[in-house]
2 protein chains.
Amino acid sequence: MSSKLRHVVEPSPGELLSFLKDALAHRAFILLIAKCSVSYYGRSRTELGSGDRLIVIKEDGSFLVHSKTGYAPVNWQPSGARVTAYLSADGRVIVEATRAQPYERVRVFIEHAYLAAAGTLKEPPAPLVSLTEEDLRTAILIDPDMVEPGIHFGTIEWPVGVGRADIVGRDRSGTVVVVEVKRECDRSGAEQLWRYLTKLHEYGVSARGILVAFSFTHEARRFARARRIKCVAVSPKRVMTILERWRRSPGRRTFSSGLT
Amino acid sequence: MSSKLRHVVEPSPGELLSFLKDALAHRAFILLIAKCSVSYYGRSRTELGSGDRLIVIKEDGSFLVHSKTGYAPVNWQPSGARVTAYLSADGRVIVEATRAQPYERVRVFIEHAYLAAAGTLKEPPAPLVSLTEEDLRTAILIDPDMVEPGIHFGTIEWPVGVGRADIVGRDRSGTVVVVEVKRECDRSGAEQLWRYLTKLHEYGVSARGILVAFSFTHEARRFARARRIKCVAVSPKRVMTILERWRRSPGRRTFSSGLT
DNA sequence: CTTTGAATCTCGTAT
DNA sequence: ATACGAGGTTCAAAG
């Protein structure tokens, strides 16, 4: 439980520093609202002038500096960073997050701290359910007819030497079929499938391509049409229905006759 | 200034609700650390079980639910969402962020609030300096010789019917050159240039391709080599130097003899 | 270790 | 509105 959540209001540099050092030592979840400037050195370089921001330090080393607007942090460090706090020569608190590979460094120069809080967040392993590309692929394997009547799947995640094809099988007439699954298929998705087909052709395999997605861009459809690639649009609702029915009474998925 | 930062510790549902409603009405920057469960419906669907999390609500409608680990929020809404707070039938606070296009909804069911804070973050327009693809492109236009001696640029951001070529010009021998600029060039970057070249070829223009980047993947180099595309690696330091010298004494960039 | 592809990617910009 | 490309993308999986 986070009942041990502690906080300090308008701390002096000394108070803030000891608060942060203690929280960092306990690998706590730390919040800090402060007027600060920020400097980043690494894959790029940025210098951010003075302003009010939210700093979040997580136990896994994730480090976020959030500005007053926008989804993305204005500066950050991904998980795994080493976070330290110390005093500068002129008595200001500096919070620093560094990463070794690649070398990156974010430094926050605190000018005035409004509020700092720290505590341990308790979170049980969370069953997070979602409707992803993976779900769509699963639904296709459960009910291949949604792609094309009589189609028959074999290999999934088949390495083609240039990425991997999502699903490979044969259609009713026995022709090899490569299925590429996307949530939203744009041209790059269609190009991906085309790369697989081209590669297979190099191997001497003549194969059809089918794109399955919740939606397609015009570019994707045009690209596909020009290369005789079929586009199958599926509604999320249908996928949900298939997955839910499957969960209630899981039949057997039969994988056979794939490429060998 | 954020001196008007207010906060409440362990508020009751009623206290929390009025705190949030007031803060939302003032379009304040809002923080909330609470035990909660989260539900998302929209482009995907997720259900997140009960746990301690940080909720951030920004004045532009950005909405973030952060878990105890990781760079990315576990649930969110990008800027532009409409955020409301209300009581459920059983007296719990629900915070909801909705977006119209595409329709998306995040609902946070508060079970216990540890700390809530709200205030106005003041941030002057920030001079954020960085070394981007744009910087690299600028450096190339300032000093074309870094790409190839005697090269001569004309059009920039030239529409080719399938995206746009970064820079188009002619080399010393008068051959049309298409330059694609990337920070880190992977295969997809090389493919992009190849699309332009292919398109130009369809138009009857025979052109060379040059990739300029801070670094290349092996795949990109292989792809390029197979198609006689030249790869030019540039050091960030050199770009920084060119840009800094330019800022000190800006000469004239001469654009001439592009394609017409 | 690097490479590849997904993501509720977000965000800007041009059409 | 839609589409395309950039991003310090991050992240996980696979070779």
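Numbers restart at 1 for each chain; the letters A, B, ... are given by sequence-line order, proteins then strands. Keep in mind that this is a model prediction, so the values were computed, not measured. Below, each value reflects all heavy atoms present in this structure, side chains not excepted, and no hydrogens, waters or symmetry copies.
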Gap between atoms CD and P, on B:E191 and C:dG5 respectively (whole Å): 9 Å

Nearest-angstrom distance, C1' atom, D:dC11 to D:dG7: 15 Å

Parallel, tilted or perpendicular: ring planes of A:H66 versus B:H66, cut at 30 and 60 degrees: perpendicular

Ring-face cation of A:R99 near A:Y103 (centre distance under 6.0 Å, axis angle within 45°): no

Greater than 12 external heavy atoms within 6.0 Å of A:R105's CZ: yes

D:dA6 to D:dT10 separation - C1' atoms, rounded to the nearest Å: 15 Å

Spacing of B:Q101 atom CD relative to C:dT10 atom C1', expressed in whole Å: 17 Å

Using the 3.5 Å cut-off, write out each protein N or O paired with an N or O of nucleotides 7-10 of chain D and the distance between them.
unit_1	atom_1	unit_2	atom_2	d
D:dG7	OP1	B:E133	N	3.2
D:dG8	O6	A:N75	ND2	2.9
D:dG8	O6	A:W76	N	2.7
D:dG8	O6	A:W76	O	3.0
D:dG8	N1	A:W76	O	2.3
D:dG8	N2	A:W76	O	3.3
D:dG8	N2	A:Q77	OE1	2.8
D:dG8	N2	A:E104	OE1	3.0
D:dG8	N2	A:E104	OE2	2.9
D:dG8	N3	A:Y40	OH	3.3
D:dG8	N3	A:R43	NH2	3.2
D:dG8	N3	A:E104	OE2	2.9
D:dT10	OP1	A:R43	NH2	2.8
D:dT10	OP1	A:W76	NE1	3.0
D:dT10	OP2	A:R43	NH1	2.9

For atom CD of B:E219 and atom P of D:dA14, their distance in whole Å: 19 Å

Nearest-Å distance for atom pair CG/P, residues A:D166 and C:dT4: 16 Å

B:R45 CZ to C:dA7 C1', straight-line distance once rounded to whole Å: 17 Å

Most 5' of A:T217 and B:E180 on DNA chain D, judged by nearest nucleotide: A:T217

Residue mapping more 5' on DNA chain C - nearest nucleotide basis, B:S62 or A:K182: A:K182

Please report, to 0.1 Å, the donor-acceptor pairs under 3.5 Å made by any side chain of residues 228-235 of chain A, with sequence neighbours excluded.
unit_1	atom_1	unit_2	atom_2	d
A:K230	NZ	A:E148	OE1	2.7
A:S235	OG	A:R238	N	3.1

Separation between the P atoms of C:dT8 and D:dG5, rounded to whole Å: 22 Å

Residue A:Y41 excluded, over 12 heavy atoms near OH under 6.0 Å: no

Carboxylate-amine/guanidinium proximity below 4.0 Å for B:E133 and B:R183: no

Rounded distance (Å) that lies between atom C1' of C:dA7 and atom CG of A:D186: 13 Å

Separation of C:dT2 C1' from B:R221 CZ (nearest whole Å): 16 Å

Below 4.0 Å: OP1/OP2 of C:dG5 and any side-chain N or O of B:R187: yes

Separation of atom CZ in A:F216 from atom P in D:dA3, rounded to whole Å: 13 Å

Charged N-O contact under 4.0 Å between A:E191 and A:R227: no

